Amino acid sequence: MDYYFKCLENLDSKTVNFILLTVPWTDSLIPLMAPAALKPIVESTNLTCLATDLNAEIFAKFKKYPKLITFFYDEKIEDQETLDLLNDLYSSIAKSILTWNPTYIGLSLFSYASQVSAKWIAYFIKKLDPTVKIVIGGPGCLDTFVSESSTFMKLMLKEKLIDFHIRGDAEHSLVEFINANYSFPGINDTSWREMSKEELSRLPYPDYSDYNFDIYSSKTLPLIGTRGCVRKCKFCDYIENWKKFQWRTADDIFAEMLEQHKQYNIRVFKFQDSLVNGNMNEFLRLMELLAEYNIQNPNKSFKWGGYYILRNVTSRTEYEWEMVAKSGASTLMIGIENFNEDIRYDIGKKFTNEAIDFHLAQALKYNINLSLLNIVGYVTETQEHIDFIKTWLDKHLEYRSLVQLQWGAGLGIFPNTYLSNHQEQLGVILKDDSKAFDWSSTNIETNPKIRAKWVNELVEYSKQLGYPVIEHLDNHYILEKILSEQI
Amino acid sequence: MNKYKITITLEFSECNGYMDVLLNYVTKVIPNQDNRAIINLDIELPAQISLIFSNKHNDTIVDQLNNIIKDKSVQIKSIKLDSFELNDIFLQQKIQLKTEDQIITTSYIGFNGEVILDFNQNNAFKQVIACNSPLMEV
């Protein structure tokens with residue numbers, strides 16, 4: 001059986017030079033932006049390009065099919081029916097791609113859960129047409145998010161399933177790749193060069209013209225305002241990839257929002273960077289621009305969401321919330337990390353519990369939804385901390401209509417993070433760097449099973465109290481593996 | 001699309017000579033100087049590959065504590081289908097040696113008998129995944 005992919009449909013038998021695709025599996029309700037961001041870059045070299053979000057179409061088709069998700073993570077199946085389905089799926093993808101007769105195919109891997117599909121899509125393509133050049137990129141190519149090496153990329157190259165891989169920011173390296181400058185940092189090399197603030201500001205706007213917005217449950221346009229972060233949280237691996245905080249100006253971002261709205265008639269934006277309010281001057285300027293726009297355009301006002309950091313309360317905090325509300329903020333994702341102040345401070349997020357209460361009250365006042373991201377089982381966390389979190393939840397019931405809680409899959413210790421680099425000092429015993437969730441401690445009683453149990457306890461307790469809880473399929477999968485002692 | 005390359009690596013242990021290995025009832029497999037033999041085949045799937053092992057008699061030397069010191073044997077070290085290695089689940093749990101009087105699940109061939117690699121899927125993707133998945137029978 002052949003599957004049909006609207007995003008790859010080629011009714012007029014057109015030809016393109018370059019096809020850029022996201023590959024499954026990423027659990028995302030909104031578009032993944034890498035192909036759209038790179039399409040104008042490719043086209044700037046006078047090549048034609050089809051750039052689309054294949055992952056979204058497959059996610060929409062198969063999100064209720066857990067056996068496929070198991071395969072995307074573990075590359076194992078249990079029955080012939082699933083095997084046949086996967087075979088038809090990959091075969092159809094390869095055939096659909098090749099109807100465009102591309103010279104280059106770029107596969108974008110958002111996370112390691114994209115590796116299995118990337119491998120087999122590449123295999124099916126090369127089996128049909130060994131001459132097509134396949135290049136892969138994205139953080140999913142690495143063993144871990146910040147790994148210096150990639151077993152996957154090496155294997156793909158060795159077996160000639162791909163011709164090139166690109167590491168890090170591809171907005172500059174893809175141009176060099178097309179111009180055959182293969183010695184440029186990041187091309188078939190894990191060391192790469194971050195883009196400068198100037199380069200970031202000069203980037204063309206992403207081109208979503210090949211995306212099918214009907215398949216997303218939320219008609220939202222992603223955008224990037226910053227790279228890097230202003231914080232140095234001990235668990236964070238993102239800051240190891242983008243070491244320097246870089247930002248675009250508010251005027252530049254606002255101009256992109258206006259232009260994208262004009263192109264796609266979408267008024268909801270989602271910032272995909274690690275934080276929107278790293279540079280408070282630019283952030284407030286953007287809030288003011290958006291607020292002014294929304295006042296002048298009440299029937300087509302903009303809404304936005306993104307990752308937002310909390311700070312301790314100052315004389316400006318109330319004004320900031322007022323502007324956030326006027327700007328059209330709908331949902332802010334906030335890395336609370338832990339409701340225990342001592343743990344939060346130890347992580348490097350130095351805002352008090354009183355500050356959280358103040359921010360929550362402001363969000364309630366302005367009816368802004370908050371998605372609170374938590375890490376359960378930090379290196380100092382004990383049962384008493386878990387009990388405190390339950391008490392915190394008991395005492396904040398008035399915010400149930402406002403907040404969504406995410407409890408994750410327990411603390412993972414990833415290479416090159418502070419936690420990984422200070423294991424001995426912290427009493428952490430991590431048996432294998434590639435198994436981030438499999439750690440214990442000499443200081444406190446903790447192990448993967450205890451932490452998974454705590455996560456499930458908090459999920460259930462929050463639900464019992466009536467808090468909305470977001471449970472991602474990938475976290476659920478990791479927890480199941482931990483509890484069945486496969487991690 | 002249904003033509004595939006298969007590579008089987010065998011490692012021989014010598015004791016009063018080597019075991020004889022016959023591939024697909026026709027081709028004798030001879031170890032090289034490193035006691036290895038690499039079999040390269042172009043196949044169409046589905047396919048059955050037969051390996052017959054013989055010339056093992058009482059060719060095992062043990063010490064006083066009955067530990068094996070030397071054994072005439074063949075180890076199936078690896079099997080690769082196109083670009084993909086079959087994993088330890090396949091090598092250790094799904095290869096069966098049929099001797100005169102029993103069937104043993106093993107990739108260590110220490111008895112005379114026949115191993116049939118029964119690749120019953122119709123392409124490499126399905127075959128590799130079926131072989132490498134613990135709950136799929138091959």
Side-chain angles (χ1 to χ4, degrees), chain A residues 1-3 24 66-95 98 115-130 134 136 151-163 481 484-486, chain B residues 1-10 34 36 38-49 76-96 105 107 116-138:
Chain A
M1 164 185 174
D2 279 343
Y3 283 97
K67 286 178 179 174
L68 283 202
I69 299 164
T70 303
F71 178 79
F72 294 136
Y73 279 90
D74 271 359
E75 208 177 14
K76 292 184 176 62
I77 46 101
E78 294 179 9
D79 56 73
Q80 187 68 38
E81 187 191 357
T82 310
L83 186 58
D84 290 339
L85 187 160
L86 282 159
N87 179 69
D88 293 347
L89 181 67
Y90 290 134
S91 165
S92 304
I93 291 170
K95 283 192 264 184
L98 292 174
Q115 290 187 358
V116 169
S117 289
K119 181 172 81 176
W120 288 109
I121 290 170
Y123 172 75
F124 275 87
I125 291 170
K126 288 280 189 182
K127 200 80 184 166
L128 291 169
D129 182 359
I134 300 180
I136 59 171
T151 313
F152 176 72
M153 289 194 290
K154 280 180 197 158
L155 175 79
M156 295 286 277
L157 271 180
K158 178 173 161 267
E159 297 298 338
K160 299 185 170 49
L161 293 172
I162 59 166
D163 301 278
K481 281 192 81 169
S484 63
E485 294 184 340
Q486 291 177 53
Chain B
M1 183 81 184
N2 64 344
K3 284 200 182 299
Y4 305 93
K5 287 191 186 308
I6 188 158
T7 306
I8 303 169
T9 303
L10 304 179
D34 299 326
R36 286 196 165 217
I38 297 171
I39 301 166
N40 287 302
L41 295 172
D42 289 321
I43 61 167
E44 287 186 16
L45 286 171
Q48 283 195 337
I49 295 167
I76 302 174
K77 290 296 284 184
S78 67
I79 301 175
K80 195 174 178 186
L81 192 52
D82 272 2
S83 302
F84 310 102
E85 297 276 358
L86 303 189
N87 64 11
D88 285 346
I89 288 166
F90 181 78
L91 293 175
Q92 292 169 15
Q93 298 172 24
K94 296 190 180 182
I95 293 177
Q96 293 193 320
T105 300
S107 58
I116 293 180
L117 301 171
D118 187 7
F119 295 138
N120 56 9
Q121 302 287 339
N122 62 6
N123 71 28
F125 166 73
K126 291 206 281 186
Q127 193 58 61
V128 170
I129 300 303
C131 287
N132 290 350
S133 299
L135 298 179
M136 285 291 285
E137 283 184 16
V138 178

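These numbers come from a predicted model, not from an experiment. What's counted below: heavy atoms across the whole structure, side chains too, no hydrogens, waters or symmetry copies. Below, read A as the first sequence line, B as the second, and so on, with proteins coming before strands; counting in each chain starts at 1.
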Interface moiety of A:Leu161 toward chain B, non-hydrogen atoms closer than 4.5 Å: side chain

Residue pair A:Lys76 / B:Ile89, side-chain heavy-atom distance below 4.5 Å: yes

B:Asn123 side, atom CG; A:Lys127 side, atom NZ - distance, nearest 0.5 Å: 9.0 Å

Minimum side-chain heavy-atom gap A:Trp120-B:Val128 below 4.5 Å: yes

Region of B:Glu137 in contact with chain A, defined by heavy-atom distances below 4.5 Å: neither

A:Asp84 side, atom CG; B:Asn122 side, atom CG - distance, nearest 0.5 Å: 8.0 Å

Residue part contacting chain B, namely of A:Leu86, when any heavy atom lies under 4.5 Å: both

Flag side-chain contact, heavy atom, 4.5 Å: B:Ile129 against A:Glu75: yes

Interatomic distance, B:Ser83 atom OG to A:Leu155 atom CG [nearest 0.5 angstrom]: 8.0 Å

pair A:Lys119-B:Phe125: side-chain heavy atoms closer than 4.5 Å: no

Reported CD-to-NZ distance for the pair A:Gln80 and B:Lys126, which is rounded to 0.5 angstrom: 5.5 Å

Close side-chain approach of B:Gln121 and A:Leu83, heavy atoms under 4.5 Å: yes

